[in-house]
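Report on the following structure.
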Amino acid sequence: MLKVSYIIENKKQVINALSKRNFDATKIIGELEDYNSQRKKIQSKLENILSKSNKISKEIGELIKSGNKDQADKIKEQTAKFKETTKELNSELISIKDKILDLLYKIPNIPNESVPVGKGEEDNVEVYNSGNLPKLDSSALPHWDLAKKYDIIDFKLGNKITGSGFPVYKGMGAKLQRSLITFFLDLNTNAGYNEVQIPYLVNEDSGIGTGQLPDKDGQMYHIEKDNLYLIPTAEVPATNIFRDVILNEEDLPKSITSFSPCFRREAGSYGAHVRGLNRLHQFDKVEIIRVEHPEKSHHALEEMVEHVKSIIDKLGLPYRILKLCGFDLGFSSALTYDFEVYSAAQKKWLEVSSVSNCESYQSNRLKLRYRNSDGNIELAHTLNGSALALPRIFATIIENCQTEKGIVIPEILVPYTGFSMIN
RNA sequence: AGAGAGGUGGCCGAGUGGUCGAAGGCGCACGCUUGGAAAGCGUGUAUACACCAAAAGUGUAUCGAGGGUUCGAAUCCCUUCCUCUCUGCCA
């Protein structure tokens with residue numbers, strides 16, 4: 001979330017910048033200003049009274065010490081009136097702070113200057129594409145048919161065990177899946193990301209820290225009995241490593257990578273476009289996270305983009321990179337690049353990675369800060385990206401690499417799979 | 001899951017109702033000392049918010065979290081989370 005002081009001091013720029021998202025912040029910022037000045041008034045009043053009553057308490061203490069009980073009792077009466085007003089003011093203060101927080105939760109991050117204006121996903125700007133799109137002959141099968149043909153993914157079995165969107169990978173399919181995970185982790189750690197294994201369930205504080213709560217709690221699976229949430233991405237536990245942390249400037253940057261299954265309720269998205277592996281309730285993903293100095297975060301984003309490019313290049317899949325327009329930009333992101341690989345059998349672009357700079361939007365919620373060389377404390381910047389999400393990569397590999405004889409595994413994966421052909 | 005013991009600053013650790021934001025130590029920073037280092041000595045060493053144009057300064061809150069008792073809570077009571085020990089269960 002944004003800082004109240006920042007919003008109020010830069011009101012015009014904020015409203016202007018948010019209009020890129022088709023988000024009209026005029027009213028909400030107006031309310032925010034009102035609440036904030038109310039908050040200050042109440043707080044001053046309250047602190048004044050508390051200060052007085054603290055002084056009196058000290059006096060009472062001294063009087064009792066010196067044996068002056070009668071006088072102490074007299075002064076005690078004075079404090080009675082403070083008590084009620086203190087209580088009232090305090091509950092007013094709490095409720096107004098809650099209101100301010102509620103408003104802050106509703107304001108998305110300010111898009112970076114370079115983010116294009118847009119009214120829909122058609123306004124995303126292609127900034128890179130890797131070359132020619134492969135053409136398969138008309139007998140080419142989509143991955144759900146290939147999965148059945150070679151018995152590598154069983155969607156029906158997943159339905160039986162859990163429900164739709166929980167596929168069972170079998171045999172060479174399972175092996176390919178595991179190979180991809182290891183392959184991605186190897187590339188990420190070679191690029192300097194520290195591998196961590198994180199919990200797949202997180203508490204409420206963590207959900208709030210990275211912005212899934214309170215607004216998007218319908219998208220996460222919630223275990224009510226223990227009040228825990230199944231993670232929708234490793235970004236949540238991995239970024240929360242740094243919640244309530246003050247780093248030293250020289251500790252930056254922090255780079256980590258983590259594999260995890262991801263759980264998403266995907267409430268309300270059903271239909272043909274979610275067929276097969278295209279949209280699942282449980283899928284595997286390897287994530288990269290960076291905590292950066294504000295002056296370096298945009299360079300870091302470019303590095304992350306280059307890194308993801310190199311991964312897809314190695315797999316030899318056709319892809320393009322989109323710079324997301326204001327409309328499509330995620331709530332807490334300032335700048336996002338989406339990677340889409342081209343599925344020749346589905347004749348469709350499939351998103352496989354989203355690399356974002358959240359600037360200080362997450363770190364303000366997380367209270368993730370660093371101490372600069374002057375000794376001042378400032379918010380760090382957080383970035384995250386998929387490197388990579390598995391299902392659509394899996395789907396595209398088997399679709400694009402299908403031949404009459406079988407599915408040809410990309411050469412770079414063969415040392416991981418131990419086989420070069422699924423047939 | 002049951003019984004017991006705990007959770008204090010970057011770390012260790014004192015504090016069981018009254019100048020306690022918190023002794024003491026370690027660590028860290030700066031200074032003195034030294035040819036240089038170590039040792040020694042001295043000084044400093046939390047965060048958030050508010051007041052102030054700003055700095056200085058002042059105020060308020062924070063001793064796992066939330067609530068309560070009290071003029072006053074790190075200290076007493078309740079709830080909750082976490083850690084440790086024993087028992088149970090288990091990969």
Side-chain angles (χ1 to χ4, degrees), chain A residues 1-10 32-101 103-104 197-209 213-214 222-229 237 240-252 254 360 362-380:
Chain A
M1 65 189 177
L2 302 172
K3 278 190 162 178
V4 182
S5 55
Y6 180 85
I7 296 173
I8 289 171
E9 278 164 31
N10 304 282
L32 200 61
E33 275 182 307
D34 286 349
Y35 284 139
N36 196 46
S37 62
Q38 278 181 54
R39 189 211 102 221
K40 284 187 186 180
K41 268 183 209 160
I42 295 170
Q43 189 171 331
S44 298
K45 236 192 220 174
L46 175 65
E47 287 181 0
N48 241 312
I49 294 173
L50 284 174
S51 173
K52 278 183 200 160
S53 99
N54 283 347
K55 264 182 202 157
I56 292 174
S57 291
K58 275 180 191 168
E59 274 177 47
I60 292 173
E62 276 160 32
L63 285 171
I64 289 176
K65 249 187 187 171
S66 60
N68 236 328
K69 271 190 185 164
D70 292 350
Q71 221 177 322
D73 286 339
K74 253 185 204 170
I75 306 182
K76 268 191 202 176
E77 286 167 24
Q78 288 184 35
T79 60
K81 63 183 174 194
F82 289 149
K83 259 203 146 175
E84 242 177 77
T85 34
T86 307
K87 237 181 191 173
E88 273 172 32
L89 286 173
N90 199 30
S91 62
E92 269 181 61
L93 187 63
I94 289 170
S95 91
I96 207 149
K97 277 184 175 172
D98 281 349
K99 281 179 190 162
I100 289 173
L101 251 189
L103 290 177
L104 288 176
Q197 283 197 22
I198 37 75
Y200 303 152
L201 288 163
V202 294
N203 59 28
E204 213 176 339
D205 284 346
S206 293
I208 290 170
L213 295 173
H222 184 202
I223 288 122
E224 283 183 31
K225 199 163 184 182
D226 298 295
N227 197 25
L228 295 172
Y229 296 84
N240 271 281
I241 290 174
F242 302 102
R243 170 153 52 84
D244 289 320
V245 166
I246 300 174
L247 296 161
N248 291 317
E249 193 169 17
E250 58 268 25
D251 294 334
L252 296 172
K254 295 280 189 190
S360 60
Q362 277 185 331
S363 47
N364 190 35
R365 275 207 197 182
L366 289 161
K367 296 202 188 75
L368 162 50
R369 294 161 294 176
Y370 70 97
R371 200 182 300 274
N372 68 20
S373 45
D374 301 332
N376 294 323
I377 285 169
E378 292 179 43
L379 292 172

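We name chains A, B, ... by the order of the sequence lines, and we start the count at 1 in each one.
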From [atom1] ([X]) to [atom2] ([Y]), nearest 0.5 Å:
{"X": "A/Asp205", "Y": "A/Asn240", "atom1": "CG", "atom2": "CG", "answer": "8.5 Å"}
{"X": "A/Asn372", "Y": "A/Leu252", "atom1": "CG", "atom2": "CG", "answer": "10.5 Å"}
{"X": "A/Tyr229", "Y": "A/Leu201", "atom1": "OH", "atom2": "CG", "answer": "12.0 Å"}

If we call it a pair only when both distances are under 3.5 Å in a Watson-Crick or G-U wobble match, what pairs with [N]?
{"N": "B/U70", "value": "none"}
{"N": "B/C26", "value": "B/G10"}
{"N": "B/U83", "value": "B/A5"}
{"N": "B/A56", "value": "none"}
{"N": "B/A91", "value": "none"}
{"N": "B/C32", "value": "B/G40"}
{"N": "B/G21", "value": "none"}
{"N": "B/A61", "value": "B/U47"}

[X] side chain to [Y] main-chain N or O, any donor-acceptor pair under 3.5 Å?
{"X": "A/Ser51", "Y": "A/Glu47", "result": "no"}
{"X": "A/Asn364", "Y": "A/Ser360", "result": "no"}
{"X": "A/Ser363", "Y": "A/Leu379", "result": "no"}

Residue pair A/Asn203 / A/Ser206, side-chain donor-acceptor N/O under 3.5 Å: yes
Gap in Å between the two [atom1] atoms, one belonging to [N] and one to [M], rounded:
{"N": "B/G21", "M": "B/G64", "atom1": "P", "value": "16 Å"}
{"N": "B/G9", "M": "B/A14", "atom1": "P", "value": "13 Å"}
{"N": "B/U33", "M": "B/U43", "atom1": "C1'", "value": "15 Å"}
{"N": "B/A91", "M": "B/A5", "atom1": "C1'", "value": "29 Å"}
{"N": "B/A74", "M": "B/A23", "atom1": "P", "value": "14 Å"}

Nearest-nucleotide pick for A/Lys40, side chain only, options being B/U19, B/A50, B/U47: B/A50
Partners meeting ring-ring contact (aromatic ring centres under 6.0 Å, His included) with A/Tyr370 (sequence neighbours left out): A/His293
Phosphate contact ([N] OP1 or OP2) by [X] side-chain N/O below 4.0 Å:
{"X": "A/Arg39", "N": "B/C49", "result": "no"}
{"X": "A/Arg371", "N": "B/U47", "result": "yes"}
{"X": "A/Arg369", "N": "B/U47", "result": "no"}

side-chain contact (heavy atoms from CB on, under 4.5 Å) between A/Lys97 and A/Tyr35, worked out: CA-CA 8 Å; A/Lys97 277 184 175 172; A/Tyr35 284 139; over 6 Å; no
Rounded to whole Å, please give me the gap between [atom1] in [X] and [atom2] in [N].
{"X": "A/Asp244", "N": "B/C82", "atom1": "CG", "atom2": "P", "result": "17 Å"}
{"X": "A/Ile377", "N": "B/C49", "atom1": "CD1", "atom2": "C1'", "result": "14 Å"}
{"X": "A/Asn90", "N": "B/A50", "atom1": "CG", "atom2": "P", "result": "16 Å"}
{"X": "A/Glu204", "N": "B/U80", "atom1": "CD", "atom2": "P", "result": "17 Å"}
{"X": "A/Lys367", "N": "B/A48", "atom1": "NZ", "atom2": "C1'", "result": "9 Å"}
{"X": "A/Leu247", "N": "B/U47", "atom1": "CG", "atom2": "P", "result": "14 Å"}
{"X": "A/Asp205", "N": "B/U80", "atom1": "CG", "atom2": "C1'", "result": "13 Å"}
{"X": "A/Leu104", "N": "B/C49", "atom1": "CG", "atom2": "P", "result": "13 Å"}

Protein proximity profile, nucleotides 53-74 of chain B - base contact B, sugar-phosphate-only contact S, no contact -, cut-off 4.0 Å on heavy atoms: ------BBS--------BBS--
